[in-house]
Student: 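Sharing a structure, written as structure tokens. Questions coming.
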Amino acid sequence: MVIKHTNHEGLREDSLLDGRLRLLQPHRGVRVTTDTLLLAAAVTPLAGSQTVIEAGSGSGGAALYLAALYPDIRVTGIDSDSHIVDLASRNAVLNGFQDRVSFLHHDVSDRSDIPGCGRFDHALANPPYFEAETCYLPPAESRARAFVGGKSRLSDWIGFCLNMVRDKGSITFIHRADRLDELLSLLHGRAGEIALCPLWPRAGQPAKRVLVQGRKGMKGAAMLLPGLVLHDQQGGFTPEVDAILRGRASLDLTRAGWEKLCQSGRR
């Protein structure tokens, strides 16, 4: 990510994908992170005019990342913060994606239907990592909403994504590794062909995050992938992760996709 400048609204314009994507973000608060982009990169394969929905879309980083890489897809983002929805919509216009990417004000705990319910090909989410009663809130209110769950629980996020996709559609999450058992229990009997991808901060360190992908209504066996080492010993990104963040490689959570990713990282 390359920082360009901060405007009079206190918004910072950042550049992603080697300049192919521009993103206005709050200087403090909800911002695109490595987790955001790895989550988006795992939503594969995307071919033709497929549809994607993101729960908790923030300023639009993941949705617009996908739109920049796949020119035929349509993406819908939902967020419970009306102000951040407006900002994400501005970012869609900024990049010329307003005809294919839209953002709606909606909460995952709201059971009312939204357009396309039950018909999306893919759903993704980066649910809040903490429950409100178990941690201190970050000082920025928008950041608190992103990291700490309010009235919605992890079950709401899982249920929303499952409800939005068609049968055999894919659902992809990034979450804390120490809540993996809870996440898998919520998917049990509702999604199968689960792929688990640990994200190791550095080689030899315990994983703090994990990517989880499954398919609605399927009953295939789970697969534990080798995982990604995010940083080298000098603190930079490993070649595989750098290729993903620059949009030069996808994070296809299949055996074949994994082999392709490893080859791209060694180039």
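These numbers come from the heavy atoms of this one structure, side chains and all, not from hydrogens, waters or symmetry mates.
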Student: Mark yes or no for whether D121, through its side chain, and T51, through its backbone, hold a donor-acceptor pair below 3.5 Å.
Tutor: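 It does hold such a pair.
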Student: Apply side-chain contact (heavy atoms from CB on, under 4.5 Å) to N91 and Q25, showing your working.
Tutor: CA-CA 9 Å; N91 282 325; Q25 304 187 86; 5.6 Å; no
Student: For A125 and W157, which heavy atoms make the closest approach, and how far apart are they?
Tutor: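 Minimum heavy-atom separation between A125 and W157: CB-CE3, 3.9 Å.
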Student: Looking only at atom types and distance, does a side-chain atom of R100 sit under 3.5 Å from a main-chain N or O of F97, one as donor and one as acceptor?
Tutor: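 A pair under 3.5 Å: no.
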Student: If you apply the rule side-chain hydrogen bond (donor to acceptor under 3.5 Å, both in side chains), what do you find for Y129 with D178, and how did you get there?
Tutor: CA-CA 10 Å; Y129 290 145; D178 61 5; over 6 Å; no
Student: Stepwise, does the salt bridge (Lys or Arg N to Asp or Glu O under 4.0 Å) test hold for R20 with D18?
Tutor: CA-CA 6 Å; R20 286 177 285 169; D18 288 337; 5.3 Å; no
Student: To the closest 0.5 Å, what do you measure between CG (L24) and CG (L11)?
Tutor: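 It is 5.5 Å, given to the nearest 0.5 Å.
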Student: Measuring only between side-chain heavy atoms, which start at C-beta, is S250 closer than 4.5 Å to V43?
Tutor: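 Contact flag for S250/V43 side chains = no.
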Student: Honestly curious: do M218 and L225 fall in one hydrophobic cluster under the side-chain, below-4.5 Å linking rule?
Tutor: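 No, because M218 and L225 fall into different hydrophobic clusters, even though each may have its own neighbours under 4.5 Å.
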Student: Any side-chain hydrogen bond (donor to acceptor under 3.5 Å, both in side chains) involving residues 227-239? Give me the pairs, sequence neighbours left out, ordered by first then second residue.
Tutor: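 Listed by first then second residue: nothing to list.
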Student: Over all heavy atoms of both residues, which pair between E182 and S185 is shortest? Give the atoms and the distance, please.
Tutor: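 The answer is O-OG, 2.7 Å.
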Student: Among residues at least two apart in sequence or on other chains, which ones pass salt bridge (charged side-chain N to carboxylate O under 4.0 Å, His left out) with D107?
Tutor: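 Listed in chain order: nothing, the list is empty.
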Student: Check this for me: does any side-chain nitrogen of one of D35 and R209 sit under 4.0 Å from a carboxylate oxygen of the other?
Tutor: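 Between R209 and D35 there is a salt bridge, with a charged N closer than 4.0 Å to a carboxylate O.
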Student: To the nearest 0.5 Å, how far apart are CG in N95 and CZ in R22?
Tutor: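 Taking CG in N95 and CZ in R22, the distance rounds to 7.0 Å.
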Student: For N163 versus C117, what's the shortest heavy-atom pair and its separation?
Tutor: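 Smallest heavy-atom distance, with atoms named: ND2-SG, 3.4 Å.
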Student: Atom NE2 of H105 and atom OG of S80: how far apart are they, to the nearest 0.5 Å?
Tutor: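 Here the rounded value is 6.0 Å.
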Student: Identify each donor-acceptor pair in which a side-chain atom of residues 52-66 lies under 3.5 Å from a protein atom, sequence neighbours left out, and give them as a table.
Tutor:
| residue | atom | partner | partner atom | Å |
| --- | --- | --- | --- | --- |
| S57 | OG | I78 | N | 3.3 |
| S57 | OG | I78 | O | 3.3 |
| Y65 | OH | I244 | O | 2.8 |

Student: Do Q213 side-chain atoms and L196 backbone N/O form a donor-acceptor pair below 3.5 Å?
Tutor: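 Looks like no, no N/O pair under 3.5 Å.
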Student: Okay, side chain of R176, backbone of V210: is any donor-acceptor separation there less than 3.5 Å?
Tutor: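 Here the side-chain-to-backbone pair does not exist.
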Student: Could I get the full list of salt bridge (charged side-chain N to carboxylate O under 4.0 Å, His left out) partners for D242, not counting sequence neighbours?
Tutor: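 With sequence neighbours excluded, D242 shows a salt bridge (charged side-chain N to carboxylate O under 4.0 Å, His left out) to R246, given in chain and number order.
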Student: Take atom NE2 in H83; do more than 12 heavy atoms of anything else shown fall under 6.0 Å from it?
Tutor: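 It does not: H83 NE2 has 12 such atoms or fewer within range.
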Student: If you take all heavy atoms of L253 and M223, which pair is closest and at what distance?
Tutor: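 Taking every non-hydrogen atom into account, O-CE, 3.6 Å.
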Student: Check this for me, if you would: do D99 and R74 make a salt bridge, where the nitrogen-to-carboxylate-oxygen distance has to be below 4.0 angstrom?
Tutor: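 Answer for the salt bridge query: no.
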Student: How about V212 and H175: do any of their side-chain heavy atoms sit closer than 4.5 Å?
Tutor: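 The answer is no; the side chains never approach within 4.5 Å.
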Student: Do D156 side-chain atoms and R153 backbone N/O form a donor-acceptor pair below 3.5 Å?
Tutor: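 Flag set: sc D156 to bb R153 pair under 3.5 Å.
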Student: Provide the closest heavy-atom pair for D81 versus D79 in the form atom of the first, atom of the second, distance.
Tutor: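 That closest heavy-atom pairing would be N-OD1, 3.0 Å.
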Student: Would you compute the distance between atom CD1 of I174 and atom CG of L183 and round it to the nearest 0.5 angstrom?
Tutor: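 Result: 11.5 Å between the selected atoms.
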Student: I need the R166 CZ to K216 NZ distance, nearest 0.5 Å.
Tutor: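 Going from the CZ atom of R166 to the NZ atom of K216 covers 10.0 Å.
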Student: Sorted by first residue and then second, give each salt bridge (charged side-chain N to carboxylate O under 4.0 Å, His left out) pair with at least one member in residues 191-205; sequence neighbours left out.
Tutor: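 Salt bridge (charged side-chain N to carboxylate O under 4.0 Å, His left out) check on residues 191-205 returns E193-R215.
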Student: Would you give the length of the straight line joining atom CZ of F120 to atom CE of M164, rounded to the nearest 0.5 angstrom?
Tutor: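 Nearest 0.5 Å value for the CZ-CE distance: 4.5 Å.
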Student: What pair of heavy atoms forms the shortest contact from A88 to F103, and how long is it?
Tutor: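 Result for this residue pair: O-CE1, 3.3 Å.
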Student: Tell me, do L230 and P201 make a side-chain contact under 4.5 Å, heavy atoms counted?
Tutor: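 L230 does not reach P201 side chain to side chain.
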Student: Given side chains that start at C-beta, do those of F173 and C161 come closer than 4.5 Å, heavy atoms only?
Tutor: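 Yes; the side chains approach each other to less than 4.5 Å.
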Student: Whether D181 and R179 form a salt bridge (side-chain N of Lys/Arg under 4.0 Å from carboxylate O of Asp/Glu) is what I want to check.
Tutor: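 No salt bridge links R179 with D181.
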Student: Can a side-chain donor-acceptor contact be found between H122 and S170 if the only test is distance below 3.5 angstrom?
Tutor: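 Present: a donor and an acceptor within the cut-off.
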Student: Can you get from F237 to L199 by hopping between Ile, Leu, Val, Met, Phe, Trp and Tyr side chains that sit under 4.5 Å apart?
Tutor: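 In one cluster with F237: L199, yes.
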Student: Are L245 and L228 connected, step by step, through hydrophobic side chains (Ile, Leu, Val, Met, Phe, Trp, Tyr) whose heavy atoms are closer than 4.5 Å?
Tutor: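 L245 clusters together with L228.
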Student: So among L211, L37, L39, which one has a side-chain contact (heavy atoms from CB on, under 4.5 Å) with L251?
Tutor: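 Exactly one candidate clears the test, L211.
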Student: Compute whether any side-chain donor of one residue and acceptor of the other, for D110 and S112, lie under 3.5 angstrom apart.
Tutor: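 Present: a donor and an acceptor within the cut-off.
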Student: Going by the rule side-chain contact (heavy atoms from CB on, under 4.5 Å), which residues pair with A191 if we only count those two or more places apart in sequence or in a different chain?
Tutor: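 Result, side-chain contact (heavy atoms from CB on, under 4.5 Å) vs A191: L162, I171, L187, I194.
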Student: In terms of hydrophobic clusters joined by side-chain contacts under 4.5 Å, are V32 and V85 together?
Tutor: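 Same cluster.
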Student: Would you say S152 and F160 make side-chain contact, with heavy atoms under 4.5 Å?
Tutor: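 They are not in contact (no side-chain heavy atoms under 4.5 Å apart), so the answer is no.
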